[in-house]
Amino acid sequence: MNADRIAAFYRWIEYVAFGKALERRRFAFLSRAALSRRVLILGEGDGRFLARLLALNDAAWVDVVDASGSMLALARGRVPPPAAGRVRFHRRNALLAPLPGDGYDLIVTHFFLDCFSTDDAARMIARLSAALRPGGEWIVSEFQEPSGRLARLHARLWLFVMYAFFRLATGLTADKLPPYSTLLSAAGLVIEEQQQARWGLMVSQLWRKPGDTA
Ligand SMILES: C[S@@+](CC[C@H](N)C(=O)[O-])C[C@H]1O[C@@H](n2cnc3c(N)ncnc32)[C@H](O)[C@@H]1O
């Protein structure tokens with residue numbers, strides 16, 4: 001996937017399609033980041049979550065990984081100067097390149113796991129889980145196919161349109177949602193809370209890696 005071409009318009013495409021609904025999903029568990037000291041954000045996009053995190057937490061060190069240079073440039077532009085020394089940007093394919101660190105208190109993936117096939121998502125989740133400290137948290141925002149006939153039909157239509165759009169605009173090869181909740185559980189994570197929106201099309205989840213909570 002190459003998001004460079006859509007980076008400048010990404011937020012406007014999102015607002016036209018969903019208003020502020022995705023924004024509400026991203027920020028649903030933001031308060032959990034208030035005390036985090038080491039944060040890893042994968043597939044951050046244009047930096048809107050990063051900016052809110054830095055406004056909330058003036059002590060966190062943040063690694064931001066994204067394959068798109070244009071997305072990273074937008075994200076860098078949203079970092080207030082006093083926080084600049086605490087944020088490191090890494091342009092890399094998170095599937096292939098090493099992660100920038102380990103022992104993170106918090107991992108954040110907003111609408112990122114949906115970019116991968118089931119096999120790739122499983123590999124990604126296993127790597128990320130290994131980089132999270134015991135007791136650490138993982139905030140996930142994603143699309144999903146809810147149960148219920150009408151809600152599922154509504155979600156399938158949106159997913160069809162979105163995968164078609166991203167295939168054309170960015171060359172995305174994944175064509176359906178990976179079973180990310182099953183994969184996160186299989187990697188040993190435990191779900192603590194979740195909030196759904198838009199007839200169940202979108203979900204925010206808070207996961208925890210069992211172990212030391214200090
Ligand atoms: C659908 S956008 C989501 C952006 C943002 N997190 C949001 O909430 O809207 C997916 C982002 O993940 C990045 N991405 C996709 N595949 C990637 C990979 N293999 N390695 C690193 N970044 C990737 C894209 O460049 C893009 O910025």
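Just so you know, these numbers come straight off a predicted model, no measurement behind them. Ligands are counted one by one from 1 in listed order, and the atoms in each one are counted from 1 as well.
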* **Heavy-atom side-chain contact between Leu106 and Arg37 under 4.5 Å** =>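 Leu106 does not reach Arg37 side chain to side chain.
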* For the residue pair Gln194 and Gln205, what are the closest heavy atoms and their distance? ->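 Distance-wise, the nearest heavy atoms are OE1-NE2, 3.1 Å.
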Is there a path of hydrophobic side-chain contacts, each under 4.5 Å between heavy atoms of I/L/V/M/F/W/Y residues, joining [Y] to [X]?
X      : Y      : result
Val108 : Leu72  : yes
Phe112 : Tyr180 : yes
Met124 : Trp207 : yes
Phe27  : Trp138 : no

Counting non-hydrogen protein atoms only, what is the nearest one to [atom]? Give residue, atom name and distance.
atom                    : answer
atom 14 (N) of ligand 1 : Phe112 CE1, 3.8 Å
atom 11 (C) of ligand 1 : Gly43 O, 3.7 Å
atom 16 (N) of ligand 1 : Phe116 CZ, 3.9 Å
atom 24 (C) of ligand 1 : Asp66 OD1, 3.4 Å
atom 9 (O) of ligand 1  : Tyr10 OH, 2.6 Å
atom 5 (C) of ligand 1  : Glu44 O, 3.2 Å

Numbering as shown, the atoms of ligand 1 that approach [X] to under 4.0 Å (heavy-atom distance):
X      : result
Ala67  : 20 (N), 21 (C), 22 (N), 23 (C)
Ala94  : 18 (C), 19 (N), 20 (N), 21 (C)
Arg26  : 7 (C), 8 (O), 9 (O)
Asn93  : 18 (C), 19 (N), 20 (N)
His110 : 3 (C), 5 (C), 6 (N), 7 (C), 8 (O)
Ser68  : 25 (O)
Ala3   : 25 (O)
Met1   : 15 (C)

* To do: Working to the nearest 0.5 Å, report the span between OG1 of Thr173 and CZ of Phe166.
  =>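 Output value for this atom pair is 13.5 Å.
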* To do: Decide yes or no on salt bridge (charged side-chain N to carboxylate O under 4.0 Å, His left out) for Arg26 and Glu23, but give the supporting numbers first.
  => CA-CA 5 Å; Arg26 284 184 202 107; Glu23 209 116 280; 3.2 Å; yes
At under 4.0 Å between heavy atoms, which part of [X] makes contact with ligand 1: side chain, backbone, both or neither?
X      : answer
Arg92  : backbone
Phe111 : both
Phe49  : neither

* Quickly, which of Thr109, Ile191, Val140 forms a side-chain contact (heavy atoms from CB on, under 4.5 Å) with Leu184? Name it, please. =>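 For Leu184, the side-chain contact (heavy atoms from CB on, under 4.5 Å) check succeeds only for Val140.
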* Asked: Counting only N and O atoms by type, is there a donor-acceptor contact under 3.5 Å from the side chain of Arg38 to the main-chain atoms of Asp102?
  ->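 Yes; judged by distance alone, with no hydrogens or angles, the pair exists.
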* To do: Any salt bridge (Lys or Arg N to Asp or Glu O under 4.0 Å) involving residues 155-180? Give me the pairs, sequence neighbours left out, ordered by first then second residue.
  =>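 Counting only pairs at least two positions apart or across chains, the salt bridge (Lys or Arg N to Asp or Glu O under 4.0 Å) contacts touching residues 155-180 are Glu145-Arg156.
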* Has ligand 1 got any nitrogen or oxygen that is less than 3.5 angstrom from a nitrogen or oxygen of Asp114? ->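 So ligand 1 has no N or O lying under 3.5 Å from an N or O of Asp114.
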